[in-house]
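To start, the structure itself, in structure tokens.
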Amino acid sequence: MDFTFTDDQLTFREAVSRFLMVEAVPEMLREIWETDSGRSPELRKSLAEQGLTALSVPEDCGGLGMDDVAWALMTQELGYYAIPDSLADAAYVATGLLNALPAGTAEREAWLGRIAEGSIRIAVDHPVNPLVADANPADLLLLANGDEVHAVPRSAVKVDSNASIDLSRRLGSVSWTPSAATLLAEGEAGRALWAQTLNRGALSVAGQLLGLAQRMLDLSVDYVAQRKQFGKPIGSFQAVKHHLADVATQIEFAKPVLYRAAYALAHQEAGVDARVSHAKLACGEAAWLAARKGIQVHGAMGYTWEVDLQMFMKRAWALDASWGDRGLHKSRVADAMLADGAALGPGHTFEE
Amino acid sequence: MDFTFTDDQLTFREAVSRFLMVEAVPEMLREIWETDSGRSPELRKSLAEQGLTALSVPEDCGGLGMDDVAWALMTQELGYYAIPDSLADAAYVATGLLNALPAGTAEREAWLGRIAEGSIRIAVDHPVNPLVADANPADLLLLANGDEVHAVPRSAVKVDSNASIDLSRRLGSVSWTPSAATLLAEGEAGRALWAQTLNRGALSVAGQLLGLAQRMLDLSVDYVAQRKQFGKPIGSFQAVKHHLADVATQIEFAKPVLYRAAYALAHQEAGVDARVSHAKLACGEAAWLAARKGIQVHGAMGYTWEVDLQMFMKRAWALDASWGDRGLHKSRVADAMLADGAALGPGHTFEE
Amino acid sequence: MDLAYTPRQKAFREEVRAWLAANLPAEPLLSYDTREGFEQHRAWERKLFDARLSMVIWPEALGGRGCDLIEWLSFEEEYYGAGAPMRVNQNGQLLLGPTLIEFGTEEQKARFLPRMAASEDMWAQGWSEPNAGSDMAAITSKAILSADGSHYVINGQKTWSTRAIFADWLFGLFRSDPGSSRHHGLSYMAVPLDAAGVTIRPIQALNGKQAFAEVFFDDVKVPVENRIGDEGQGWHVAMATAGFERGLLLRSPARFQYTARKLIELYKANRAIADRDPSIRDAVIEAWTGTEAYALSAYHTVGRLAKGARIGAEASTNKIFWSELDLKMHETAMRILGARGELTADAPAAVDAARWLDGFLFAQAGPIYAGTNEIQRNIIAERMLGLPK
Amino acid sequence: MDLAYTPRQKAFREEVRAWLAANLPAEPLLSYDTREGFEQHRAWERKLFDARLSMVIWPEALGGRGCDLIEWLSFEEEYYGAGAPMRVNQNGQLLLGPTLIEFGTEEQKARFLPRMAASEDMWAQGWSEPNAGSDMAAITSKAILSADGSHYVINGQKTWSTRAIFADWLFGLFRSDPGSSRHHGLSYMAVPLDAAGVTIRPIQALNGKQAFAEVFFDDVKVPVENRIGDEGQGWHVAMATAGFERGLLLRSPARFQYTARKLIELYKANRAIADRDPSIRDAVIEAWTGTEAYALSAYHTVGRLAKGARIGAEASTNKIFWSELDLKMHETAMRILGARGELTADAPAAVDAARWLDGFLFAQAGPIYAGTNEIQRNIIAERMLGLPK
């Protein structure tokens, strides 16, 4: 029983953080926000060069074969730097789906290889998301038609853009016609793929929300330490301290929930749905609180476009309802918890 | 349109407050708590002498004919001083029920007269209360049997005592046999009486809860102004200030809700149920918060028997679920609010 | 206690209702944080004024209607209940207006109030400075009286001035005694924004709109007649204004009751989805109870005012109550909307969700502006409860 | 990350489970805040000790079992999951015990720890004084070393000493340098409560029981061997203890997970009633998510400790988290119970409700004792986040 990360995992996270600290500065986010596409080929290129597109791809397809647990660290970094790119959708969520296809599936190795080398953008649909993130710039779309999983080239679909309050999110409503040529899986297999994809998408977003929460907390701590009113830093006022202490506490207790869920997903545990939903709720609440308290302690400055806080708040508000809103995730937790014979109480946190 | 009290009403409240300030000191509460009966004939006698038992009794039965609106002030005083007596049950709730009986009913005038002169204790049953408050010391019990209203002398019932955390509350489970001799009303008339009695009981408790909230706030303000830690009064710490400011705010916004409900009851408005339930919820929340913040700012002292706070907290916790728990009152509000064609939004706060 | 409206009150309400039914714009106006929307709102305000419905509680001679506060509450109920446009000149009408009525000279009232009621003059407030936000007594912008006593010369900077890039006038506090500190030696001034030496630089808000501005003063000459109240008494004058601001007038209950109604409708239309998260239903119930409590409190206050009471630190309880309730209602709407919540008005899939997003963003500012809720809680604790500083 | 228990860990858990199944008292013990209940609990502790299950993480030589922290967490899970009695000697075992292991001499360890593990010695804490509650550095009780260095003479008063009227020993801080102030010049002492000059006066708690006491010291002589750590270093020693107190050991996740299970059962048994108030269902969901989060956090911390990390200000987040969660769970139970909630154990209509009332009352103390949650939030802000004092 060891519920911690390996030194390798922590070192890798550190390296990613150092890389993004330079590559994804707030000024760059602002620049990319202003562009029509909202995407920077240069940024994606440098992410790929850093190997970040290859993280989940199995080693025999040219990747690093990292599992969900390692991604629980990665997604926090992606959230912390709020990168204006849907990297995790391709490199984690789509990769997970493709990876779960039978080994014989024709396109599986080819696409995984292209993901690893960073030469393909893949957008992932799911019935819980009314719109598809990054449908427009995608090369390939993994689309749902009932239980069926289809892989459809961008050229075969029509995309209507839908603007989000978070200018880093580029959402599209997708019109397309399913055909035998695009079908990857159906029936029981399709259902299983979509179920797993929902969990992976939710976990990806949960990690990002937690990273966003930490970033908003850090920005707020910096601000209140330097901003003075009544002759002293506002961070010395107890009300301000307590606001931020509450955020720190929520973050502290959301982290292990995220990690437990990632492990459940990686090991395909029977109770994975409730664990993932718990993670999504805990991380979403932490991010939501960090945004609220963050803007409060920033005062009027937090209400401006100029101060960086707004970019992270908007991402947090948007992601909170993506890959399943609170209602979906609360009901999944409640269903598990209230089921007859549910294993409740002490001693069921790990073994099922 | 005048949503305030008359000078007479406010002056009367002041007089009652001055009277109870002397008659119902915490030391007396503690003494009465220790007694078997939990009731003081002397206290009841002095309440009667002061005319408090006669407030609601119609003038032609020897009373003052005060309506529900005036009682919304009275009950706050009863709560503020947490008197160890069920005065309001007889002088307000039972009086209201008896008063609503057809003028020809034999016992109506007799009982109302005895209430006015303070020579009778009446306990009131209601299906929402699993036990009857003051069933033991009562002379007469108004009991429910389905829709039927019965008036049963104490000698005809068996009472099993049930201890409450609030030693001022003396609850009994009552065993009795309905008979034609005790029947006061039935059918539609009985239903209407019980419906009105529930509202009157709930409003009585709501007012007491609000008074309790104010008392707990006052006790807390006194305590934090004198208690020193780190070289200054703890009331100068912002966290303590904000705790008590929240209590003050809740109280401030519960008051007019109580008054509006009292008016609705006095004028038998169609929407009275939701108004009364709203008052019960708002006053209960204020009292509950005042207890929580009160004990918190009292620190360990608030956890003792010795410090007066405990008596008011216990009363608040107990009354919160009496005459309908939160669930009952929330569902009554929700039913009214979500009904088809419900009058919602601006402009419906007074005229229906 | 008598909760029936008088015939006069009823008749006035009927008039307002009928006028709105006949005159409400068919299409919602554009946001008043844009130049075009601002001017649309100015035209609408003019229309209201022409119907003598702009500032109903002001005396008729000053462009008002001479209504009592109950009639004002009824007006607000009809106005917001009909979904009528936000009021674009509130900072002038509701903050400066009552101050002028209390502290202004007869000349100032005649000069400023009717034009303000008609929105011929649009007013921006000049309270905050970069280092004087919650701590308003830290003001450093100066207004120095000329040797001949004919005018002030203003230098300094104000910030967070709402819609100042579109407005005509600014009012605020300036240090008129250069040797003074804190809340002494301040004077309350009205400054035309087209005066020489005024520079206005917009501040882009969270929602991308230029909702605020910084205003720079470089040797701006303002005649002495533009000082409101006595020289050096600005803090006293402003505190009265701040009381009004936090209090009743700026955020009438009707606005929030309208939001509650919309939220209940949203909940009813999406009940199966919403009920998966039980906190939503609870919050929807609270929307009704909270907004009713706020309305009842307003009527209770108005009744006490009519009997001679004054609004004291209770105004701070108001500020906390409405701002936190408004935030919670909008958060709840966002929860019900789920994935649609993030969409802006031009997103086809947003349908009518984006109104809630706009409101949600604006609600974030509620606990901050007009004195943060932390400051309000201090005021309640110190002035209502008497706790030590 | 490997979330499977080792065979050794599993075997230990099985042993605990089997032992509890065979040895749990058939009837719940009386409250340990009464003399009779206290002695019942002492006997139960002795039984645990005889099975080598009292202090499982202590070394075997000191009366423990030499378990790792994962095994300790498993023990707690089995123990509380089985509904076993509260631990009556926790103040000694979990606060003083780790302090002795870190700061005690070999003689002190041998003298105190095995008897503590067996509850032959029951320990009360002596932190607070009438004017030193949250502000522990304001301690004035004195322990002055005799001229020959053989003993201390103690004078002063402690308060809020849990179950001190039944206990055998008291540990706490005393001022050993009379000229010192704040956290300097304090020494950490163990004082036998039957020593001459000790007077104990019970404090009646909210629930009417004598759960605490004031302890008065009047020229109490204590041998120098009873000082733990160096002369004048008591604050340093105590802070380590306070860290443990706020942290993991005192409130293991299992206690709260047990409460959550009971709450979920209560909800399921009363669902139709409970669902009239939607906040109840929401709170019940939070009982599960909150207690699971707390358990996961404990395992995460234990794993990091095993890799050499130390518990710092995060301990304060623990204190806030469990105390507020525990309070909310008990409040929720009270809401479900409705009118039955106020009934005490001897009320026939209470059925099994009174257990919740007891827990609800005790939960009120959670945000207060072991450092109020306000103090904890200050610690988090200042030490974890680095905000200015």
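First the proteins, then the strands, lettered A, B, ... as listed; each starts at 1. Not measured: the values here are computed from a predicted model. For the numbers below, each heavy atom of this structure counts, side chains included, while hydrogens, waters and symmetry mates do not.
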Indicate yes or no: does [X] engage [Y] in a salt bridge with an N to O separation below 4.0 Å.
X         : Y         : result
Arg200(B) : Asp68(B)  : yes
Asp135(C) : Arg182(C) : yes
Arg65(C)  : Glu71(C)  : no
Glu331(C) : Arg335(C) : no
Glu285(B) : Lys330(B) : no

Side chain / backbone / both / neither for [X] at chain B, heavy atoms under 4.5 Å:
X         : value
Ala260(C) : neither
Phe256(C) : neither
Met384(C) : side chain
Ile70(C)  : side chain
Val302(C) : neither

Quick check on [X] against chain C: is it the side chain, the backbone, both or neither that has a heavy atom closer than 4.5 Å?
X         : value
Phe253(B) : both
Val333(B) : side chain
Val221(B) : both
Arg275(B) : side chain
Asp340(B) : both

Under a 4.5 Å heavy-atom cutoff, which of [options] has the most pairs with chain B?
options                         : result
Gly303(C), Ala4(C), Ser252(C)   : Ala4(C)
Glu314(C), Glu374(C), Arg255(C) : Glu374(C)
Thr289(C), Ile380(C), Thr6(C)   : Thr289(C)
Thr301(C), Asp68(C), Asp282(C)  : Asp282(C)
Lys307(C), Glu78(C), Arg304(C)  : Lys307(C)

**Item:** Donor-acceptor under 3.5 Å (Gln76(B) side chain, Ala72(B) main chain)
**Value:**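 Yes, the answer is positive, given that a donor and an acceptor are paired below the 3.5 Å cut-off.
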**Prompt:** Where the side chain of Gln376(C) meets the backbone of Gly371(C), is there a donor-acceptor pair that is under 3.5 Å apart?
**Reply:**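 Yes.
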**Request:** Anything under 30° is parallel, anything over 60° is perpendicular, the rest tilted; go ahead and classify Trp44(C) against Trp19(C).
**Result:**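 Tilted.
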**Item:** Heavy-atom neighbours of Gln226(B) CD exceed 12 at 6.0 Å
**Value:**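 Buried by this count: over 12 neighbours within 6.0 Å.
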**Request:** Using ring pair (Phe, Tyr, Trp, His ring centres under 6.0 Å) as the criterion, point out the one residue from Trp71(B), Tyr259(B), Phe12(B) that pairs with Phe5(B).
**Result:**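 When Trp71(B), Tyr259(B), Phe12(B) are each tested with Phe5(B), the ring pair (Phe, Tyr, Trp, His ring centres under 6.0 Å) holds only for Tyr259(B).
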**Request:** Give a yes or no on whether the ring-centroid distance for Phe350(B) and Phe3(B) is below 6.0 angstrom.
**Result:**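 Phe350(B) vs Phe3(B): aromatic centres under 6.0 Å.
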**Message:** Tell me which of these, Ala248(B), Pro256(B), Ala274(B), Ala282(B), has more heavy-atom pairs under 4.5 Å with chain C than the rest.
**Reply:**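 Greatest number of close heavy-atom pairs with chain C: Pro256(B).
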**Message:** Only pairs of heavy atoms separated by less than 4.5 Å count here; which of Thr249(B), Thr4(B), Leu344(B) has the most with chain C?
**Reply:**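 The candidate making the most pairs under 4.5 Å is Thr4(B).
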